[in-house]
Colleague: 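Before I ask anything, here is the structure I am working with.
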Number of protein chains: 4
Amino acid sequence: MARPKSEDKRNAILNAATRVFAERGLAHAPTSAISKAAGVAEGSLFSYFRTKDVLINELYCEIKRQMAEIMLAGFPDKGDVRARLEHLWNTYVDWGLANPAQRKVIGQLQTSTLVTEVSRLESERRFAAIHELAHDATTEHIALSYPKPFVAAALNALANTTIEFVELDPAHAADYRRAGFLMFWNGLSKD
Amino acid sequence: MARPKSEDKRNAILNAATRVFAERGLAHAPTSAISKAAGVAEGSLFSYFRTKDVLINELYCEIKRQMAEIMLAGFPDKGDVRARLEHLWNTYVDWGLANPAQRKVIGQLQTSTLVTEVSRLESERRFAAIHELAHDATTEHIALSYPKPFVAAALNALANTTIEFVELDPAHAADYRRAGFLMFWNGLSKD
Amino acid sequence: MARPKSEDKRNAILNAATRVFAERGLAHAPTSAISKAAGVAEGSLFSYFRTKDVLINELYCEIKRQMAEIMLAGFPDKGDVRARLEHLWNTYVDWGLANPAQRKVIGQLQTSTLVTEVSRLESERRFAAIHELAHDATTEHIALSYPKPFVAAALNALANTTIEFVELDPAHAADYRRAGFLMFWNGLSKD
Amino acid sequence: MARPKSEDKRNAILNAATRVFAERGLAHAPTSAISKAAGVAEGSLFSYFRTKDVLINELYCEIKRQMAEIMLAGFPDKGDVRARLEHLWNTYVDWGLANPAQRKVIGQLQTSTLVTEVSRLESERRFAAIHELAHDATTEHIALSYPKPFVAAALNALANTTIEFVELDPAHAADYRRAGFLMFWNGLSKD
DNA sequence: CATGAATGAGCCTTCATTCAT
DNA sequence: GATGAATGAAGGCTCATTCAT
């Protein structure tokens, strides 16, 4: 095995990091707080992640990986473009609502200089694949007046905005989710 | 009086902070680097900003203020809703393209726990006023199926996305600016 | 367990602090000088004492504790009041002569605003007990024209004066010690 | 004139220093706080006292000078030894009660390494003269079984103790003053 | 391999002192 | 001479990382 140490402990550390980052912010999250939250010794953290930066980058990739996994589950391969995009939209919004800490942390990491270009590219590649899938093997050509990555970014931006509003007003979650998608979908069709 | 505390020096520090934060990231920006970049002694920084946190918060407010000012200049009070929104869109995108460091820093600050709720509210109030203006005194009712703050956030999110794409591909700046607005506007105006 | 936090190191730091404070004065004693004198890393000092103030207060209490311990050793429970007071007098003077650094430091700490009321009260309680003992279970009523705490303070004040004179003129140590006590005792016993 | 600057301002600074030192302690008394309390500019302090250390030493000497002056006023040149000592005792205790800030500060300065040997000697000389006076031209030989400086120090120590008790219990000021002196006086007479 | 004590570079901040106005 | 802004050395403290146990 590549990693002789306990996979559980590794995950405990990643989860603890997520919690601590979400609660206290990247700037106020010493590794000692993370290891404590994870229930491991301070030194142990460094046998799973060589440096704090490595931990941060692996956390970034891991969260993105989870997101992608969820957005892919139950993907309507046979559906039309709208159905596909709506699936992505809904799964993303739902993920964000179900994982507020993760979403908060991803938000911080996205703008942080601690996450390397390599990590970003690796994750973007995963999502590019997803968005590719959203269009592949389709005869419909709606939305193609915009470049695909732009559409993907717009989906991401609007979905994040949507999630933020739902978090402020959870009672209308379903309404916002639908309204947000409509705004996105209608925006796609050039008139 | 001895030398009066110069507004210039204060601005020099804010500008230096912007540069250093943009280049090295909030996490790797010691106050010593900022004062050096500003050409003042380390101690001087603290005579203009009591603590680093205060500096960060004042920088946040200052950048937001500049943004708001630019978006308000030449605002088409007499125009229709689309003209008003397009004005906001264009001025914001242009500001972002003209001030990449500022935009990078605002991005970092927005997700940072170092910026207080007070600073955020103060700045949001300014923009709320702007968005209010975008709709006020109009008889058109397009877009009212979405709550105004949601529209504002959507504009912001899509405009940022647009700016990012222009930065990657400056040759098509005008195209992206127009396309982005169209996407936004169409998203709003359909049922 | 890894290396357990050693009591030795803690004492090394307290002793180093005593030496440095005595030599350079509270005002000119950076923690770096203390840790260096103790032979530990600068950061280690703070793992044994959370702040410099805590170190100072614990040092204060520790010295007082040592003093009290010595004054209690061999206490003549069966002796008359004079014997008891003389025991306190002699042990205190001897302690002061044997521990000049400690005495110098206690002098500085006593007048310092860095020592909290809590530390003072805790230490005073210890000595109150001792002075109580000096009078308890006795049928003699000499000296009771003065309140006990006043007598205790007077003993302390005169004993310190005595120590200072012995330090200036060590050849007559025994004479001063006896003379000082006589002055104290006569002061008490006459009306 | 040796000092072309305003004597008033100099005194204002010394008084301010006394107040600030008494309230906040030597350790927490920046020169900026002193100049502010004195109502002068930060820089001005340094045109009256070349350095902070100089200020501290001059303050020490000044307070001692005031004390000596008061103890000398109305000195019973014709009285017997007891009357003379009682005069010193009473004036000292009264001075301490009337000038709590000064007394607090002198207490701090006495144990501080910031006060130079030169300042101490200069002040001690003044008091030596006073104590000399207490015995001069007298035929009485009480108390001469103790060395004069020892007697002086004992007086000082007991008077300070007395003052402290009066401060804790001002209602019995007169009692403590008398009791303290009795203790001192009785202590002097070897039996 | 786990533990957590030990390390020391680095950071924010204070403050005595200087000096331009 | 008075002012107070400017300076920068120095200090307390944190925390990522190492390493003895």
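To find a chain, count down the sequence lines: A is the first, B the second, and so on, and within it residues start at 1. Values reported hereafter were calculated over all heavy atoms of this structure, with side chains retained and with hydrogens, waters and symmetry mates removed.
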Colleague: Check every strand shown and say whether B:Tyr48 touches a base, only sugar-phosphate, or nothing at a heavy-atom separation below 4.0 Å.
Modeller: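 The residue B:Tyr48 makes sugar-phosphate contact but no base contact.
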
Colleague: Considering only heavy atoms from C-beta outward, does the side chain of A:Thr31 approach that of A:Glu42 to under 4.5 Å?
Modeller: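 A side-chain contact under 4.5 Å is absent here.
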
Colleague: Does C:Glu122 come within less than 4.0 Å of C:Arg126, counting only side-chain N to carboxylate O?
Modeller: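 Yes.
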
Colleague: Search all heavy atoms of A:Ser112 against all heavy atoms of A:Leu114 and return the closest pair with its distance.
Modeller: OG-N, 2.9 Å

Colleague: What is the distance from CG of D:Leu26 to P of E:dT14, rounded to the nearest Å?
Modeller: 20 Å

Colleague: Would you say the side chain of D:Arg19 lies within less than 4.5 Å of the side chain of D:Ile34, judging by non-hydrogen atoms?
Modeller: no

Colleague: Output yes when at least one side-chain N/O atom of A:Ser47 is less than 4.0 Å from OP1 or OP2 of E:dA2, else no.
Modeller: yes

Colleague: Whole angstroms only, please: what is the CG-P distance between C:Leu45 and E:dG8?
Modeller: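 In whole Å, E:dG8 P and C:Leu45 CG are 14 Å from each other.
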
Colleague: Report, one pair per line, the protein and nucleotides 16-19 of chain E atoms (nitrogen or oxygen only) whose separation is under 3.5 Å.
Modeller:
{"unit_1": "E:dA16", "atom_1": "OP1", "unit_2": "D:Lys52", "atom_2": "NZ", "d": "3.0"}
{"unit_1": "E:dA16", "atom_1": "OP2", "unit_2": "D:Thr31", "atom_2": "N", "d": "2.5"}
{"unit_1": "E:dA16", "atom_1": "OP2", "unit_2": "D:Thr31", "atom_2": "OG1", "d": "2.6"}
{"unit_1": "E:dT17", "atom_1": "OP2", "unit_2": "D:Lys52", "atom_2": "N", "d": "2.8"}

Colleague: Check whether any side-chain N or O of D:Lys9 sits under 4.0 Å from OP1 or OP2 of F:dG1, and answer yes or no.
Modeller: no

Colleague: Does the distance from a Lys or Arg side-chain N to an Asp or Glu carboxylate O, for B:Lys64 and B:Glu124, drop under 4.0 Å?
Modeller: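 No, this pair does not count.
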
Colleague: Tell me the interatomic distance from C:Arg10, atom CZ, to E:dA6, atom P, rounded to whole angstroms.
Modeller: 13 Å

Colleague: Under a 3.5 Å distance rule, please check whether D:Gln102 uses its side chain to pair with a backbone N or O of D:Ile63 as donor and acceptor.
Modeller: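 It does not hold such a pair.
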
Colleague: Expressed in angstrom and rounded to an integer, what is the separation of C:Lys36 atom NZ from E:dG8 atom P?
Modeller: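 Atom NZ in C:Lys36 sits about 12 Å away from atom P in E:dG8.
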
Colleague: Please give, in whole Å, the distance from F:dG12 P to D:His28 NE2?
Modeller: 12 Å

Colleague: Please state how far atom CD1 in B:Ile34 lies from atom P in E:dT13, giving the value in whole angstrom units.
Modeller: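 So the two atoms are 11 Å apart, to the nearest Å.
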
Colleague: Over all heavy atoms of both residues, which pair between B:Tyr60 and B:Ser119 is shortest? Give the atoms and the distance, please.
Modeller: CE2-O, 3.8 Å

Colleague: Pairs counted only when both distances fall under 3.5 Å, Watson-Crick or G-U: show me the 5' to 3' dot-bracket for DNA chain E, [ ] for pseudoknotted crossings and | for other-strand partners.
Modeller: .||||||||||||||||||||

Colleague: What is the distance, to the nearest angstrom, from the CG atom on B:Leu55 to the P atom on E:dT13?
Modeller: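 Rounded to the whole Å, the gap is 10 Å.
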
Colleague: Between C:Glu58 and C:Arg10, does at least one N-O distance fall below 4.0 Å, as a salt bridge requires?
Modeller: yes

Colleague: Using whole Å, what does the distance between atom C1' of nucleotide E:dA5 and atom CG of C:Asp8 come to?
Modeller: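 The distance from CG of C:Asp8 to C1' of E:dA5 comes to 14 Å, rounded to the nearest Å.
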
Colleague: I'd like to know if the side chain of A:Tyr48 reaches the main chain of A:Leu14, judged simply by a donor and an acceptor atom lying under 3.5 Å from each other, with no hydrogens or angles considered.
Modeller: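 No; judged by distance alone, with no hydrogens or angles, the pair does not exist.
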
Colleague: Just compare E:dG4, F:dA6, F:dA2 and give me whichever is closest to any side-chain atom of A:Ala41.
Modeller: E:dG4

Colleague: Can you tell me if the side-chain N/O atoms of D:Ser6 get under 4.0 Å from OP1 or OP2 in F:dG1?
Modeller: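 Checking D:Ser6 against F:dG1: no side-chain N or O falls below 4.0 Å of OP1 or OP2.
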
